[in-house]
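Single-structure report; data block below.
Just so you know, these numbers use all the heavy atoms, side chains as well, and skip hydrogens, waters and symmetry mates. Positions are given from 1, in the same order as the sequence printed here.
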Amino acid sequence: MIVPMKKVSLIIRGDKKEETLRKLRKLGIVHIEINEGSGQQLVTLQEKIHLLESAIFTIGKNKNVEQIELSVTDALSVATEVVALDDEKKQCQADRITLNSELDRLKNWGDIDPNSISELKAKGLEISFYEMPKAEYEALSDSIKTVRLDATKSSVRFMLIEPNSADDEDTISSLSVYRLVLPQVSTDEMKQRVSDLQVHIDEIDELIASKACYIESLKRAIQITIKEIEFETYATGMEDENLSPDSNKPISISYFKGYIEAENLDKLKQTAANNSWGLLVEEPCEEDNVPTKLKNNKFVSLIYPLTDFLGTVPGYFEYDISGWFLAFILIFFGIIFGDGGYGLLICSVAAIPIIKSIITKKQISPVFLLIGLFGLSTILWGTVTCTWFGLSPEQLPEWLKNLSIPVISNVYADKIWYPFWMNGTAGLTTAQNLQIFCFTLALIQLTVAHIKGAVRNKGSIKMLGDIGSILQLFGIYYLVLSLVVNAEVFSFGLVIGYIPVGTVAIALIGVGFVLSFVFSNYEGSIIKSILSSLTNIVSVLLGVVNVFSDIVSYIRLWAVGLAGAAISATVNELAGPLLGNFMFMILAIVLLVFGHGLNMILNILSVIVHGIRLNTLEFSSHLDMSWSGHQFKPFEEQID
């Protein structure tokens with residue numbers, strides 16, 4: 001359920017802001033609606049978090065290191081040291097890259113020492129080095145003194161000895177584009193410098209790695225700093241009002257709005273009375289940005305890791321569908337994975353941490369319990385459809401076949417099932433039975449949505465609009481069976497006993513539409529409700545089409561499950577012949593592991609794309625839910 005909230009406004013003296021916030025934080029029950037603060041202190045705190053996060057990222061993960069606890073001040077000192085070491089390492093790496101680039105530029109020239117060349121110049125012998133196209137070199141005047149050092153098919157490297165004759169100065173000047181720029185230090189010195197830099201980089205890495213024992217302290221410092229930011233945001237973002245006309249003796253009050261669980265209101269009232277705070281308590285209205293807190297039993301709460309991952313929070317005035325979400329996502333997961341063998345693997349993955357937690361007497365993570373439920377759901381669906389690791393029914397033992405439900409079992413995939421009203425004239429295949437099952441799931445889930453709406457509108461004739469939507473669902477459900485599954489079995493002329501089923505379905509659609517049209521927008525006046533529907537007549541008519549498409553949308557469960565089964569069967573067909581040959585057995589095992597592993601990954605994506613969509617879109621749209629809520633986060637001292 002969604003925990004009832006009260007809107008509270010707190011008025012305090014302007015000089016008591018920080019004192020009041022400390023007491024509220026200690027109380028830990030008020031969600032404060034202040035989102036923005038100001039001031040240099042906030043900037044400084046944000047910089048601290050950036051520093052700590054950079055240090056954690058630089059150190060990396062090392063779970064085997066025993067942790068040492070530090071104060072926040074010491075943690076910041078460690079973070080500063082780590083970031084400085086990382087900056088120094090980056091500079092060393094940049095210098096090493098520069099030197100290696102220079103060595104790479106000079107590699108064809110061998111060892112070069114610019115000091116030796118300078119000594120020759122001091123003695124009157126000036127030399128320079130060039131690399132130019134072979135044809136141009138051979139065209140040089142014989143008067144130009146060169147020493148050929150090396151050559152390739154296309155170029156020549158040579159040394160030019162100066163002075164040359166005055167007539168050759170223009171030619172020599174034109175060769176400047178080919179002249180080798182000498183390094184500032186010798187290549188031997190550069191190589192030694194590269195080696196020294198690498199040694200220093202390794203030393204820095206060791207120093208940074210030695211700080212791994214402070215990782216948890218750094219993380220805790222971040223959490224504490226976040227709490228400080230929260231405190232400073234509230235302190236500086238609080239509204240102020242000056243009550244004194246005398247600027248020399250200012251008297252001001254501060255105030256803010258927040259929300260509190262109704263059951264904790266008496267605690268806040270007592271604290272406000274003890275501290276002389278002004279307190280106004282109101283009922284939240286739909287214009288308020290009320291936070292949402294969900295409270296359910298332990299079983300239903302298993303869905304929270306999934307909804308937290310998705311970031312879906314119902315609005316305060318919407319529905320808590322946690323229980324329905326869990327029930328249907330378990331069914332959807334089982335159908336999409338569709339293979340009991342995969343379910344066994346999923347249960348095995350979940351069982352390891354669960355057993356470990358039991359042995360160590362630690363609390364079992366809800367994530368692994370949820371994964372275990374997903375595995376059990378998949379095993380159940382694989383059992384009733386006789387689907388195990390993509391094997392054909394002929395390859396499975398008889399006892400597994402006997403556990404399946406015939407009308408949807410792969411054992412009877414080629415059989416035609418004749419409904420009692422057809423007298424053997426027309427029947428349904430196993431695939432069509434599975435489609436009917438998916439459409440029936442749609443009918444159940446969407447009907448639940450409108451029943452919840454009818455319950456909410458109990459006591460108002462607006463409830464008739466929800467009843468009309470339910471009637472439309474049943475009528476359109478039969479329409480889907482006729483148009484999508486089998487028009488002969490589910491014909492509009494069908495009569496069972498004395499009931500004209502097809503005619504009743506059409507009547508349900510018509511009556512349901514009228515009821516929905518007249519009463520869905522009811523807000524105290526039927527005429528206004530009808531006018532509202534007429535104003536949005538296009539949307540109203542499209543709504544009927546949307547109901548049809550929403551029901552048909554559930555066929556994705558069967559289609560995706562069928563695709564996964566085809567992939568697993570194909571993997572088995574590819575690996576099967578290899579298993580009979582000892583030489584290729586390892587390859588066959590690798591193929592089986594890779595193929596089925598890839599199929600399971602694709603199935604996980606399918607659950608996210610299709611299974612979750614049916615809950616958060618089709619189901620939620622019939623509930624008029626937009627998932628517009630945000631979580632209730634009381635201002636408290638606790639650090640997780």
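Taking the six-membered ring wherever Trp is involved, the centroid distance between the rings of Tyr478 and Phe474 does not fall below 6.0 Å. Between Phe437 and Trp381, a ring centre-to-centre spacing shorter than 6.0 Å is recorded.
The two residues Tyr319 and Met625 have their closest heavy-atom pair at O-CE, 3.5 Å.
Taking a 6.0 Å sphere around NE2 of His50, one finds it holds 12 or fewer heavy atoms contributed by other residues, nucleotides or ligands. Enclosure of atom CG in Asp414 is not indicated, since only 12 or fewer non-hydrogen atoms of other residues, nucleotides or ligands lie within 6.0 angstrom. Within 6.0 Å of atom CZ in Phe374, more than 12 heavy atoms from other residues, nucleotides or ligands are found, so the atom counts as buried in its surroundings. Within 6.0 Å of CZ on Phe492 lie more than 12 heavy atoms contributed by other residues, nucleotides or ligands. The environment of Ile358 atom CD1 is dense: over 12 non-hydrogen atoms of other residues, nucleotides or ligands sit within 6.0 angstrom. Surrounding CH2 of Trp324 are at most 12 heavy atoms belonging to other residues, nucleotides or ligands under 6.0 Å away. A 6.0 Å sphere centred on CZ of Phe309 holds no more than 12 heavy atoms belonging to other residues, nucleotides or ligands.
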### Verdict with reasoning, Thr387 to Asn410, per side chain to side chain donor-acceptor pair (under 3.5 Å)
CA-CA 7 Å; Thr387 308; Asn410 289 324; 2.7 Å; yes
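To the nearest 0.5 angstrom, Phe333 atom CZ is 10.0 Å from Leu306 atom CG. Note that the SG atom of Cys386 and the CD1 atom of Ile408 stand 11.0 Å from one another [nearest 0.5 Å].
The pair Glu69-Arg220 fails the salt-bridge criterion, with no side-chain N (NZ, NE, NH1 or NH2) lying under 4.0 Å from an Asp/Glu carboxylate O. Comment: Lys89 does not engage Asp86 in a salt bridge, judged by the lack of any side-chain N to carboxylate O separation of less than 4.0 angstrom.
Evaluated for a side chain to side chain contact (heavy atoms under 4.5 Å, CB included) with Phe490, the options Leu481, Leu479, Val484 yield exactly one hit, Leu481.
No side-chain donor-acceptor contact under 3.5 Å links Thr570 and Glu573. Judged purely by distance below 3.5 Å, without hydrogens or angles, the side chains of Ser217 and Gln67 never pair a donor atom with an acceptor atom.
Applying the ring pair (Phe, Tyr, Trp, His ring centres under 6.0 Å) test to pairs two or more places apart or on separate chains, none has a residue in residues 343-365.
Within the 4.5 Å cutoff, side-chain heavy atoms of Asn603 are placed close to those of Tyr342. Within the 4.5 Å cutoff, no side-chain heavy atoms of Leu99 are placed close to those of Arg96.
Taking the ring centre of Phe332 as origin, the terminal cationic atom of Arg613 falls outside the region bounded by 6.0 Å and 45° from the ring axis.
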